[in-house]
K.L.:
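Sharing a structure below in structure tokens format, with a few things to ask.
Numbered from 1 within each chain, the chains take letters A, B, ... in sequence-line order.
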Protein chains: 2
Amino acid sequence: MSAETTGETARKRSRSGSTSTPSGSRSAQKQRTREELLNAALNLMDTGRGFSSLSLREVTREAGVVPAAFYRHFSDLDELGLALVEACGLTLRRLLREARRQGLPPTQMLRSSVLIYKNYVKAHHRYFRFAASARGGGSPSIRKAIRNEESHFAHEMAQDMRNLDLMPRLPMAALEMICSLVVTTMMNAATDILDLPEGQRQAEKEMTENFVMQLRLIFLGARAWRPPA
Amino acid sequence: MSAETTGETARKRSRSGSTSTPSGSRSAQKQRTREELLNAALNLMDTGRGFSSLSLREVTREAGVVPAAFYRHFSDLDELGLALVEACGLTLRRLLREARRQGLPPTQMLRSSVLIYKNYVKAHHRYFRFAASARGGGSPSIRKAIRNEESHFAHEMAQDMRNLDLMPRLPMAALEMICSLVVTTMMNAATDILDLPEGQRQAEKEMTENFVMQLRLIFLGARAWRPPA
DNA sequence: CGATTGAGTGAACAAGTGTTCACTATAGTG
DNA sequence: CACTATAGTGAACACTTGTTCACTCAATCG
């Protein structure tokens, strides 16, 4: 169970109410509602709806706030979307950081990386769902932001591989290209993971196995790679 | 310039009007408006909007038809979406069929395949735009339909490679897995192609080159592939 | 030929939308 | 302490939305 899923829907921010004290410095409270708006959007998407089908009023309703309050935080749903992209970027970077800290498992490293990733996606499903839905569907600016975040992620991944002296023979450009392929494959796998039917352990196994094989294929290719003339 | 882009927006289907005769058997006319609805949806997405942000009324307006008429053809925007998915499937299969008829270019076959694909995507940009936007963003049923179409495409591609005796050493299962990776890479490249900034020939060159390298990497991996124990 | 069918119409509906505005009441300020 | 700045309110606005319904009128059929 992820730490950021509250489960219960935010409601009743009674101004003078005895319950749920506003409690906290002015700007802290402001940031809190801001996050509640972001959370509201993620919650609404959690039933499978795409980001671009959300309405401003829905979001504020889910966040337990009056529509006009929205404008104190974002001028637009688009702007909220961009904030979500940033949050997704943070989530991705955390994944990389954890992988770095943990080091490579000695054997079966591909398979175990995949399992770790699978769990990570499930734990942060709301972010990945958003990313998947806005990657192709959102407004141009959001799409661009996501693309940016992905290439940034790929770049960091390439750096890590360079630092770890994996594939030392390959020039940096090749590493980048390989990692960008890995990243798009990961993103694609993420949507597969999210859409897994609930009880089907067999389907999950197959999907995982396929993902492992695709990565293995890529790294086999990397081993055989010869920089183009 | 693609054959199906009319350019001018459909308007004024005056019943008794002298212009634009309804001309034709009853059911032919019905099918014509049906296609006009599909076209209208594609047109609206052509400015970068996602499918899930379209409204029924917008679509009928663009098609030059009263909202109520929509229901004579689809019960839902979702159903229209599914029809679009089918159209996309046809478009993809046509690509494969053309490739089959043309045979493999003797040398540089990867690069020239990529160039052909790039032009194909541009020629049918409306379909690819829709596919990209609904792949992750649409309703669950549409997503599933697209996924289906993709795996069908991958399957046909694998069959073709088997028939052509490319990679004869590989078992069919491995071929399928490889092709599915190729297909997702192609789809991803399609969104890159669609979002290319207009004048930037340099960016286009880079993007193309990257695409070629990724495919080369995959096929290098395929050559080295050893079926898992 | 006259009768039937059904694709497309136009008006109406209840509900939902984004945005604005004057407002309240409270945390932070001097 | 009184004063100001501002996060959030609630009502109002002008639209747009999906769906329904009785309707028209031309292609089709007996």
K.L.:
Please produce a list of atom pairs where a protein N or O lies less than 3.5 Å from an N or O of nucleotides 16-18 of chain C.
P.N.:
{"residue": "C:dT17", "atom": "OP1", "partner": "A:S55", "partner atom": "OG", "Å": "2.8"}
{"residue": "C:dT17", "atom": "OP2", "partner": "A:R61", "partner atom": "NH2", "Å": "2.5"}
{"residue": "C:dG18", "atom": "OP1", "partner": "A:L56", "partner atom": "N", "Å": "2.7"}
{"residue": "C:dG18", "atom": "OP2", "partner": "A:L56", "partner atom": "N", "Å": "3.4"}
{"residue": "C:dG18", "atom": "OP2", "partner": "A:R57", "partner atom": "N", "Å": "2.9"}
{"residue": "C:dG18", "atom": "N7", "partner": "A:R57", "partner atom": "NH1", "Å": "2.4"}
{"residue": "C:dG18", "atom": "O6", "partner": "A:R57", "partner atom": "NH1", "Å": "2.8"}

K.L.:
Specify the separation, in whole Å, of atom CZ of A:F70 and atom C1' of D:dA7.
P.N.:
15 Å
K.L.:
Would a distance-only check, ignoring hydrogens and angles, find a side-chain to backbone donor-acceptor pair under 3.5 Å from A:S75 to A:Y71?
P.N.:
no
K.L.:
Is B:R129 salt-bridged to B:D195, cutoff N-O under 4.0 Å?
P.N.:
yes
K.L.:
Salt bridge between A:R57 and A:E62, side-chain N to carboxylate O under 4.0 Å?
P.N.:
no
K.L.:
Both B:D76 and B:R72 contact DNA chain D. Which one's nearest nucleotide lies toward the 5' end?
P.N.:
B:D76
K.L.:
For B:E149, which residues count as a salt bridge (charged side-chain N to carboxylate O under 4.0 Å, His left out) partner, sequence neighbours excluded?
P.N.:
B:R93
K.L.:
Rounded to whole angstrom units, what separation is found between the CD atom of A:Q29 and the P atom of D:dT9?
P.N.:
10 Å
K.L.:
Tell me if the CD atom of A:E98 is crowded by more than 12 foreign heavy atoms within 6.0 Å.
P.N.:
yes
K.L.:
A:F128: which residues meet the ring-ring contact (aromatic ring centres under 6.0 Å, His included) condition with it, sequence neighbours left out?
P.N.:
none
K.L.:
Within the distance-only criterion (no hydrogens, no angle test), does the side chain of A:S133 pair as donor or acceptor with the backbone N or O of A:F51 below 3.5 angstrom?
P.N.:
yes
K.L.:
In dot-bracket form, 5' to 3', how is DNA chain C paired? Count Watson-Crick and G-U wobble pairs only if both distances fall under 3.5 Å, and write | where the partner sits on another strand.
P.N.:
||||||||||||.||||||||||||||.||
K.L.:
Are A:E35 and A:K30 close enough for a salt bridge, meaning some N to O gap below 4.0 Å?
P.N.:
no
K.L.:
Starting from C1' on C:dG6, measure out to CZ on B:R34 and report it in whole angstrom.
P.N.:
17 Å
K.L.:
For B:E209, I'd like to know if atom CD has over 12 heavy atoms of other residues, nucleotides or ligands within 6.0 Å.
P.N.:
yes
K.L.:
Can you tell me the distance, in whole Å, between the CD atom of A:E35 and the P atom of D:dA7?
P.N.:
15 Å
K.L.:
Tabulated below should be each protein N or O lying under 3.5 Å from an N or O of nucleotides 28-30 of chain D; please produce it.
P.N.:
{"residue": "D:dT28", "atom": "OP1", "partner": "B:R26", "partner atom": "N", "Å": "2.5"}

K.L.:
Under the ring-ring contact (aromatic ring centres under 6.0 Å, His included) test, which residues partner B:F153, sequence neighbours left out?
P.N.:
none
K.L.:
If you check every side-chain atom of A:T33, which of D:dA7, C:dT9, C:dG8 has the closest atom?
P.N.:
D:dA7
K.L.:
Once you round it to whole Å, what is the distance between P of D:dA5 and NZ of A:K30?
P.N.:
16 Å
K.L.:
Is it the case that over 12 heavy atoms from other parts of the model lie below 6.0 angstrom from the CD atom of B:E86?
P.N.:
no
K.L.:
If you check the A:A69 side chain, which of D:dT9, C:dT9, C:dA7 turns out closest?
P.N.:
D:dT9
